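In what follows, a structure is listed as structure tokens, so that the remarks can point back to it.
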Amino acid sequence: MIDLKLLRNDPDTVRASQVSRGEDPAVVDHVLAADAEHRASLASFEAKRAEQKSLGKSVAQAKGEEKQAVLAQAKALAGEVKELQASADAAAARAVELARSLGNIPEQGVPSGGEENFTVLRHEGTPRDFAAEGVDVQDHLAIGEGLKAIDMERGAKVSGSRFYFLSGIGARLELAILNAAMAAAQDAGFSPMITPTLVRPETMAGTGFLGNHADEIYYLEKDDLYLVGTSEVALAGYHSDEILDLEGGPLRYAGWSTCYRREAGSTGRDTRGIIRVHQFQKIEMFSYVTAADAAAEHARFLATEEAMLQALELPYRVIDTAAGDLGQSAARKFDCEAWLPSQERWMEVTSTSNCTTYQARRLGIRERGEHGTEAVATVNGTIGTTRWIVALLENHQQADGSVYVPPLLRPYLGGLEVLEPVR
RNA sequence: GGAGAGUUGACCGAGCGGCCGAAGGUGACAGUCUUGAAAACUGUUGAGGCGUAACCCGCCUCCGCGGGUUCGAAUCCCGCACUCUCCGCCA
């Protein structure tokens, strides 16, 4: 949630934010009106309530007839107070609901517009010239099937479309990626966490995923639990309603979890292979950081992700996501996109968001500051996921269907330097 | 699945329907003492909100969460969540 004080003092900034996100700036005025209404009704409730309390105290002292009179008066007051409270509560609920619909305010420099309006910050590495090498490019599924690493057919048989089995070297490769990512995160100061993948409604709502993303989320009605689409959910909930001590620097966690996504709006998109699936694994970095240091922490996340992609010898570009594609909580988002030779396009492999205080305010995560408690900032980012198998197989494929293993992963694959096809 | 006990501030822990935002203790912080430290002593020390843009100050809310009873609820009643113990079941 956005800071209501900021909204009152500087509504123009919030209006501009709405415009850059491609959303309605008039919502700002609706929020302001609802907020004013709330405060007015709150004031009249509080005044009446104070009156009731002081009268209530005199009941105990009063005697005889006088007591009867006071009691009657108090009874009448109680009814009024109850009504005023109800309308104040209702006004508060309206104001909060409206305020919550406002997305975070994009950082300076974020391009405005929608999904296609991103800025490319830089390219790292060079895509191979497969033609020159005499390699007939195969897509990750063809390579994966050659290695007997990926089995989509049986995945569909057992669980339906967008499910798969990773078998043999495929399973080992995923574990290698995740373990290497976990180790890299740990080296960067992140504390390893294996998180719950089912969370309660409060947790899911608190992280802001029940807004725009609601359709993306699996829900278990019988148990009133949600399946997480990323361990960010659990890691953000981890310190909810707490006052943190960030004197010693940010609290950094690396969460390992399976992630579940319904992919409701993406029928027909990335249908082949494991690029877009209902279930995958991911190592997610997550930091709780003093608001003033959030941008620096965000840069650190990006650097850590890039170091990982470089160690895996993957050519990639970094994009600065446009305001309309940030999602509710982020103020800035950098994606790293690896080259996908079979489709000659870029494919998202990491995404790091600076949510500033937006997520933490909603979750009640604070620290002690100069003027009492202040909301902390949260930053999240990918450091390894199942999808990386796609990038690795395609970029490191050889003419004979084997796949080169970058040195970083070898210790996690028993020293293997090349993945050989299975005949 | 059955039976029972519990949830109070950073932590432990007391709490009669009104004088309870809450005793006492621990911790933390500040001061006195000390060459310095420890000990001792003294004081301070919850969160959210409104009035105000900020201070002072005033007021309101918060004793797991949500309802109810009552003039008045941490205290009584109901529902829910969570924790613990015992029994059963499964491994």
Side-chain angles (χ1 to χ4, degrees), chain A residues 1-14 31-100 195-196 198-206 210 219-226 234 237-248 251 288 291 357-376:
Chain A
M1 190 165 70
I2 230 177
D3 183 1
L4 278 181
K5 283 211 177 90
L6 171 83
L7 184 78
R8 278 178 217 143
N9 298 337
D10 187 8
D12 282 339
T13 297
V14 186
V31 177
L32 283 172
D35 178 51
E37 204 177 306
H38 166 226
R39 281 185 293 157
S41 68
L42 185 62
S44 55
F45 156 68
E46 287 186 349
K48 194 61 85 176
R49 175 73 175 145
E51 200 183 318
Q52 183 198 23
K53 278 176 79 165
S54 67
L55 185 66
K57 283 189 180 137
S58 67
V59 168
Q61 273 91 53
K63 299 215 168 35
E65 257 176 59
E66 191 194 348
K67 182 157 192 166
Q68 291 312 309
V70 175
L71 262 178
Q73 206 181 339
K75 213 162 202 165
L77 255 181
E80 287 181 61
V81 166
K82 205 158 214 173
E83 274 176 42
L84 285 169
Q85 177 163 33
S87 65
D89 286 351
R94 270 196 303 278
V96 166
E97 195 196 330
L98 272 169
R100 284 197 169 193
T195 65
L198 286 167
V199 300
R200 315 173 74 190
E202 301 92 289
T203 305
M204 193 54 96
L210 284 186
Y219 173 58
L220 302 182
E221 196 166 24
K222 228 172 179 174
D223 301 283
D224 197 19
L225 289 170
Y226 292 89
Y238 188 66
H239 284 304
S240 60
D241 294 317
E242 294 184 22
I243 296 173
L244 304 179
D245 181 4
L246 300 180
E247 286 288 302
L251 292 177
Y288 296 90
T357 56
Y358 188 93
Q359 195 173 52
R361 186 170 292 109
R362 174 177 272 201
L363 287 165
I365 307 168
R366 297 149 294 162
E367 65 172 325
R368 295 188 196 282
E370 297 267 314
H371 311 286
T373 63
E374 290 159 11
V376 305

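This one's a predicted model, so the numbers in the text were calculated from it and none came from an experiment.
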query: When rounded to the nearest 0.5 angstrom, what is the spacing between OG in A:Ser41 and CD in A:Gln85?
result: 11.0 Å
Who pairs with [N] - Watson-Crick or G-U, where each distance is under 3.5 Å:
{"N": "B:C89", "answer": "none"}
{"N": "B:G64", "answer": "B:C80"}
{"N": "B:A54", "answer": "none"}
{"N": "B:C16", "answer": "none"}
{"N": "B:C41", "answer": "B:G31"}
{"N": "B:C11", "answer": "B:G25"}
{"N": "B:A74", "answer": "none"}
{"N": "B:G36", "answer": "none"}

Between atom [atom1] in [X] and atom [atom2] in [N], what is the gap in whole Å?
{"X": "A:Arg361", "N": "B:A47", "atom1": "CZ", "atom2": "P", "result": "17 Å"}
{"X": "A:Leu225", "N": "B:C80", "atom1": "CG", "atom2": "C1'", "result": "15 Å"}
{"X": "A:Arg366", "N": "B:G46", "atom1": "CZ", "atom2": "P", "result": "14 Å"}
{"X": "A:Glu51", "N": "B:G58", "atom1": "CD", "atom2": "P", "result": "20 Å"}
{"X": "A:Asp224", "N": "B:C82", "atom1": "CG", "atom2": "C1'", "result": "15 Å"}
{"X": "A:Glu80", "N": "B:C71", "atom1": "CD", "atom2": "P", "result": "15 Å"}
{"X": "A:Arg49", "N": "B:C71", "atom1": "CZ", "atom2": "P", "result": "14 Å"}
{"X": "A:Met1", "N": "B:G49", "atom1": "CE", "atom2": "C1'", "result": "12 Å"}

- request: Sticking with atom C1', work out how far B:U34 lies from B:G21, rounded to a whole angstrom.
  value: 38 Å
query: Which whole number of Å gives the distance between the P atom of B:C76 and that of B:C63?
result: 14 Å
Compare the minimum distances between each of [options] and the side chain of [X], then state the nucleotide with the smallest one.
{"X": "A:Arg368", "options": "B:G46, B:C60, B:C71", "result": "B:G46"}
{"X": "A:Ala43", "options": "B:C60, B:C50, B:C71", "result": "B:C50"}
{"X": "A:Lys5", "options": "B:A81, B:A54, B:A47", "result": "B:A54"}
{"X": "A:Ala50", "options": "B:A54, B:G51, B:C59", "result": "B:C59"}
{"X": "A:Ile243", "options": "B:A47, B:G49, B:A53", "result": "B:A47"}
{"X": "A:Leu42", "options": "B:A47, B:C71, B:G49", "result": "B:G49"}

- prompt: Does a sphere of radius 6.0 Å around CD in A:Glu97 hold more than 12 heavy atoms from other residues, nucleotides or ligands, not counting ones at 6.0 Å or beyond?
  reply: no
message: Using a 6.0 Å cut-off, check whether atom CD of A:Glu242 has over 12 heavy atoms from anything other than its own residue.
response: yes
message: Please determine whether side-chain contact (heavy atoms from CB on, under 4.5 Å) holds for the pair A:Leu244 and A:Arg366, giving the CA-CA distance in whole Å, both sets of side-chain angles, and the decisive distance to 0.1 Å.
response: CA-CA 6 Å; A:Leu244 304 179; A:Arg366 297 149 294 162; over 6 Å; no
field: Residue met sooner reading RNA chain B from 5', once A:His38 and A:Phe45 are mapped to nucleotides
entry: A:His38
Position toward the 5' end of RNA chain B (nearest nucleotide), A:Ala47 or A:Ala78: A:Ala47
task: May I ask you to say what A:Lys48 touches in the nucleic acid, namely base, sugar-phosphate or nothing, with a heavy-atom cut-off under 4.0 Å?
output: nothing
message: Looking at A:Ala205, is its backbone amide N or carbonyl O close enough to the side chain of A:Arg362 to form a donor-acceptor pair, meaning the two atoms are under 3.5 Å apart?
response: yes
query: Quick one: does A:Asn9's side chain have a donor or acceptor within less than 3.5 Å of a partner on A:Lys5's backbone?
result: yes
- request: Check whether any side-chain N or O of A:Arg39 sits under 4.0 Å from OP1 or OP2 of B:G51, and answer yes or no.
  value: yes
message: Can you see if the side chain of A:Lys82 gets near the phosphate of B:U69 - specifically, an N or O under 4.0 Å from OP1 or OP2?
response: yes
field: Residue of the set A:Leu32, A:Val31, A:Asp35 for which side chain to side chain contact (heavy atoms under 4.5 Å, CB included) holds with A:Leu98
entry: A:Val31
